[in-house]
Trainee: 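After the structure tokens below, expect a handful of questions from me.
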Amino acid sequence: MDDIEVPQYFVCPISLQIMQDPVTAITGITYDRDSIEHWLFQSKNTTCPVTKQPLPRDSDLTPNHTLRRLIQAWCTDNASHGIHRIPTPKPPLDKAQVLKLLKDFWNPKLQLNIIRKIEFLATESEGNRKYLVDAGVAKAVLLFIANRCYKEGLVDGLEEALSILHFVRISSEELSLLFMENDQIIDSLTWVFGCKLQNQITVSTHAVLVLKSMIQKAHSSVLETLNPDFFKKLVGVFRNGITQQGTNAALHIMLDACPWGRNRVKMVDAGAVYELIELEFEAPEKKTTELILGILFHLCSCADGRAQFLSHKGGIFVVSKKLLRVSPSADDRAILILSLICKYSGTNMVLQEMLEVGAVSRLCTLLQADCAPYLKDKARQILRSHFEEWKNCPCLGNSFHPR
């Protein structure tokens, strides 16, 4: 194909590939459908890539049948050069078709087939997802999961439902109304974590991603009233297995819930501190470490959180080890955690452990490092506060003055 000259007007201006399903925008420029829909709906652009003129996301994309037939004919003529004929695309989805699916959605005899059909449509194209969002599919699917939750043993369709919600997100306005109509939506999503499905890790990941999206859009009143069982099940996903993407989403949820003191207590009661330390021992990626340290800082602001932190033999070690090895954000959280431990729980046993696991040495190293001055001030403050207990540490020596 490298030896064949492709007519320029066959090539999509975005993908620079031969168009499979050419459509013409209101600006008069023709693009491949997948490329322009991704440009508009996924990348959220509002201008024509070529003319830079306004191109609203709800504007019509008109199929260019003449150009498609020319491309198909050209492909056929050049088949001997290894060029494959492009298939005739299916007619695009429209809102009327989606509304018809939703009308039949609550018919028990049709429901599973419809939810599988919707999943196929959601994965097929950006344009389909736009129509599904506009028609309110996300709300219907969330209610479907909630109904499944309270009909014991009914797990058919859950995997497809969560796959749909991975692609089709609910708006903040719809979510607020849904919480008013059904206060069990969040509980039904955490219920999914305990279902024994064939692709449980994938299903749990999708459920956590949906929860993250909902928590970020939810009113503060929803976050204030999260129940203890919510956190127990959320912490449980770390033990039961989940993807890296799911892990980070679960950590984001916990971090978003941390500003409320009652939530911090519930997390500690759910064993979150212990599980977070265990997770950090697995040497996760940078973003995961930053999230873990951010949550641990909040949880160590309460006495029970510090007690759980110190009950883990690796807590001080794993936090101090991250100093100067991850990012400035991780340094900030790590030094604040150590400061809380030293200030409120600095018994002789704890201070001795900090010496033995190298935490004191790391604080001394930070004083010499190229980092933010306030971090050095915080490290110096910790060292000064417990100089008498640590004065024989070689790293302090004569260069460090406690006053």
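Quantities reported herein were computed from a predicted structural model and do not represent experimental measurements.
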Trainee: Rounded to the nearest 0.5 Å, how far does CD of Glu290 lie from CG of Leu255?
Mentor: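 Rounded to the nearest 0.5 Å, the CG-CD separation comes to 11.0 Å.
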
Trainee: Not counting sequence neighbours, which residues clear ring pair (Phe, Tyr, Trp, His ring centres under 6.0 Å) with His298? List them please.
Mentor: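 Not a single residue meets the ring pair (Phe, Tyr, Trp, His ring centres under 6.0 Å) criterion with His298.
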
Trainee: Only counting residues at least two apart or in another chain, list the ones meeting side chain to side chain donor-acceptor pair (under 3.5 Å) with Lys233.
Mentor: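 If we apply the side chain to side chain donor-acceptor pair (under 3.5 Å) test to Lys233, skipping adjacent residues, the hits are Asp229.
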
Trainee: Tell me which pairs pass salt bridge (Lys or Arg N to Asp or Glu O under 4.0 Å) where either residue lies in residues 239-257, with sequence neighbours left out.
Mentor: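 Every salt bridge (Lys or Arg N to Asp or Glu O under 4.0 Å) pair that includes a residue of residues 239-257, provided the two are not neighbours, is Arg239-Glu275.
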
Trainee: Do Glu126 and Arg129 meet the salt-bridge criterion of a basic N to acidic O distance under 4.0 Å?
Mentor: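 Counted as a salt bridge, because a side-chain N and a carboxylate O are separated by less than 4.0 Å.
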
Trainee: Measure up the Tyr274 and His312 rings against each other and bin them: parallel (under 30°), tilted (30 to 60°), perpendicular (over 60°).
Mentor: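 Tilted: the ring planes of Tyr274 and His312 meet at 30° to 60°.
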
Trainee: Does a sphere of radius 6.0 Å around NZ in Lys130 hold more than 12 heavy atoms from other residues, nucleotides or ligands, not counting ones at 6.0 Å or beyond?
Mentor: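 Atom NZ in Lys130 is crowded, with more than 12 foreign heavy atoms closer than 6.0 Å.
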
Trainee: Is it true that, when you exclude Lys378 itself, more than 12 heavy atoms of the residues, nucleotides or ligands shown sit nearer than 6.0 Å to its NZ?
Mentor: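 Atom NZ in Lys378 is not packed in, count stays at 12 or less.
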
Trainee: Under 3.5 Å, is there a donor-acceptor pair between the Ser204 and Gln200 side chains?
Mentor: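 Yes - a donor-acceptor pair under 3.5 Å links their side chains.
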
Trainee: Nearest 0.5 Å, what's the CG-CE distance between Leu296 and Met267?
Mentor: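 Separation between the atoms: 11.0 Å.
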
Trainee: Tell me, do Lys217 and Ser171 make a side-chain contact under 4.5 Å, heavy atoms counted?
Mentor: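 No, too far: nothing below the 4.5 Å cut-off.
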
Trainee: For Gln20 and Asp34, test the side chains for any donor-to-acceptor distance below 3.5 angstrom and give the result as yes or no.
Mentor: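 The answer is no; no qualifying pair exists.
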
Trainee: How would you list, by chain and number, every residue that makes a side-chain contact (heavy atoms from CB on, under 4.5 Å) with Glu224, sequence neighbours excluded?
Mentor: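 So Glu224 forms a side-chain contact (heavy atoms from CB on, under 4.5 Å) with Ser220, Trp260, Arg262.
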
Trainee: Using distance alone, with no hydrogens and no angle criterion, decide if Gln53 and Thr27 have a side-chain donor and acceptor under 3.5 Å apart.
Mentor: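 Thr27 and Gln53 do not have a side-chain donor-acceptor pair below 3.5 Å.
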
Trainee: Tell me, do Phe179 and His219 make a side-chain contact under 4.5 Å, heavy atoms counted?
Mentor: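 No; the side chains remain at least 4.5 Å from each other.
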
Trainee: Using a distance-only test with no angle check, is there a side-chain donor-acceptor pair under 3.5 angstrom linking Gln244 and Thr288?
Mentor: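 Judged by distance alone, the side chains do pair up.
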
Trainee: Can you find a heavy atom in the side chain of Ile14 that is under 4.5 Å from one in the side chain of His38?
Mentor: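 The answer is no; the side chains never approach within 4.5 Å.
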
Trainee: Side chains of Thr202 and Glu159: is there a donor and an acceptor less than 3.5 Å apart?
Mentor: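 No, Glu159 and Thr202 have no side-chain donor paired with an acceptor closer than 3.5 Å.
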
Trainee: Please enumerate all residues that pass side chain to side chain donor-acceptor pair (under 3.5 Å) together with Asp269, with sequence neighbours excluded.
Mentor: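 For Asp269 there are no side chain to side chain donor-acceptor pair (under 3.5 Å) partners, ignoring immediate neighbours.
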
Trainee: Got a sec, which pairs hit side chain to side chain donor-acceptor pair (under 3.5 Å) with one end in residues 315-325, sequence neighbours left out?
Mentor: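 Counting only pairs at least two positions apart or across chains, the side chain to side chain donor-acceptor pair (under 3.5 Å) contacts touching residues 315-325 are Glu280-Lys322.
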
